[in-house]
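Worksheet: one structure, shown below.
Hydrogens, waters and symmetry mates play no part in the numbers below; they use all other heavy atoms, side chains included. So you know, we letter chains A, B, ... as the sequences are listed, proteins then strands, and number each from 1.
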Amino acid sequence: MPELPEVETLCRQLGKAIVGKILIKTQSLDEKLYHFSELEQHKVTSVSRRGKNLLLFFDDGRVLTVHLRMTGRLLWQKENGDPPKYTRFIMTFSHGRIFFIDPRRFMTLTWERTFPAQCGPEPFPHLDPAYLSDRGKNRKSPVKSFLLDQATIAGIGNIYACEILHLAGIAPMRPVCSIDGQQWQRLLSAIDDVLNKAVHCRGTSISDWRDFHGQKGTFQNELHVYGRDGLPCLRCGAAVVRGSIGGRGTYFCPGCQT
DNA sequence: TCCCATGTTGCTAA
DNA sequence: GTTAGCAACATGGG
């Protein structure tokens, strides 16, 4: 579910709600995971994002790294009341609670002195123009797999990879090493445009994504290819095709992505 | 019933 | 060393 724009949205909202506040209590509603009573009575000093990881820094120097995987959500609630269905973990502050909701239970929480980051550079808000083409110059793998590789770039997922390649006019199965200079420029600028716009839209609510306050994002209204197989391309009118690359559903326009 | 799913990891084989 | 493919994780929705 959550890719960079969704995690960035949560990061900003969470920062406003809990930085400087003391975590009073934690509760695990999933016996399989999450026994973090050591977090209690510590103050949150800052909140940041690394790729799709959300990082909560505490005043004892440790970091809680939250990865939402496919269906994880965080929801802030000021009032008392029952936790929503699929709530797996609860953090209680003096002024509200955070529900960690995850139907599929893939979400991971790790509590360490350092955060795990075998992540490549951040594409948001900007990426070094020379980096991508240099890293990709000898690679034969499909450019879409390259974009999804978190060690290459941190934070791009399946929806935004499809949208970025469509905006750049590049077919997703193209070998990375076949991308020419002008196409690298288009790719860079498409990464920049798509991610910045998606952050501005507070993410893509295609099925169940909601932000920290339960609101839908609006980028689902801006999608040009993702989920549009059989429908006309919004740029050239050809029918959008759904294929598979690296085992992931891949939407592209055979008319204007070459 | 079958297939799909916004993610990651680990294994196998080419 | 690369790379592609696939199962696994666990569950809901169409």
Q.
Set out, in order, the CA-CA distance, both residues' side-chain angles and the distance that settles side chain to side chain contact (heavy atoms under 4.5 Å, CB included) for H166(A) and Q257(A), then state yes or no.
A. CA-CA 6 Å; H166(A) 179 261; Q257(A) 289 180 258; 3.4 Å; yes
Q.
Working note: T92(A) + T26(A), criterion side chain to side chain contact (heavy atoms under 4.5 Å, CB included); need CA distance, chi angles, decisive distance, verdict.
A. CA-CA 6 Å; T92(A) 303; T26(A) 63; over 6 Å; no
Q | Residue pair F58(A), W111(A): steps toward the ring-ring contact (aromatic ring centres under 6.0 Å, His included) verdict | A | CA-CA 10 Å; F58(A) 285 82; W111(A) 173 231; 5.5 Å; yes
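Considering only side-chain N and O atoms, R104(A) lies nowhere under 4.0 angstrom from the phosphate OP1 or OP2 of dG12(C). Taking only side-chain nitrogens and oxygens, K140(A) never comes nearer than 4.0 Å to OP1 or OP2 of dT2(C). Residue Y86(A) places no side-chain N or O under 4.0 Å from the OP1 or OP2 atom of dA10(C). The side chain of H67(A) places an N or O atom within less than 4.0 Å of a non-bridging phosphate oxygen (OP1 or OP2) of dT8(B). Listed pair R248(A) / dT8(B) fails the phosphate criterion, with no side-chain N or O lying under 4.0 Å from OP1 or OP2. Close to dG12(C), at under 4.0 Å from its OP1 or OP2, lies no side-chain N or O of K85(A).
Across all strands shown, Y160(A) has no heavy atoms under 4.0 Å from either base or sugar-phosphate atoms. Nucleic acid contact class of P142(A) (heavy atoms, under 4.0 Å, all strands): sugar-phosphate only. Across all strands, G157(A) comes closer than 4.0 Å only to sugar-phosphate atoms, never to a base (heavy-atom distances). Across all strands shown, G203(A) has no heavy atoms under 4.0 Å from either base or sugar-phosphate atoms.
Distance CG (D30(A)) to P (dA10(C)): 10 Å, rounded to an integer number of Å. When the P atom of dT8(B) is taken as reference, atom CD1 of I153(A) falls 13 Å away, rounded to whole Å. For R139(A) and dT3(C), the CZ to C1' distance is 10 Å, given to the nearest whole Å. The nearest whole Å value for the distance from the CE atom in M173(A) to the C1' atom in dA4(C) is 15 Å. Per the geometry, CG belonging to L147(A) stands 13 Å off P belonging to dG7(B), to the nearest Å. Here the C1' atom of nucleotide dT11(C) and the CG atom of D102(A) are 9 Å apart, to the nearest Å. Put simply, NZ on K144(A) is 13 Å from P on dA4(C), counting in whole angstrom units. For the pair R88(A) CZ and dG12(C) P, the interatomic distance rounds to 8 Å; values are reported in whole Å.
The listed nucleotides are dT3(C), dA10(C), dG7(B); the one nearest the side chain of R105(A) is dA10(C).
Comparing dG12(C) with dT8(B), their P atoms sit 22 Å apart, to the nearest whole Å.
When T71(A), T87(A), T108(A) are each tested for a side chain to side chain donor-acceptor pair (under 3.5 Å) with D102(A), only one passes: T71(A). Among the candidates V241(A), I170(A), I245(A), L165(A), the single residue satisfying the side chain to side chain contact (heavy atoms under 4.5 Å, CB included) test with F252(A) is V241(A).
Salt bridge annotation for R62(A)-E112(A): absent, with no cationic side-chain nitrogen under 4.0 angstrom from a carboxylate oxygen.
Where Q150(A) and R242(A) each meet DNA chain B at their nearest nucleotide, the meeting point lying more 5' is that of R242(A).
Look at dA10(C): it lacks any Watson-Crick or wobble partner with both distances under 3.5 angstrom.
For dC9(C), the base is stacked against the aromatic ring of F106(A), per a cut-off of 5.5 Å between centres and 30° between planes.
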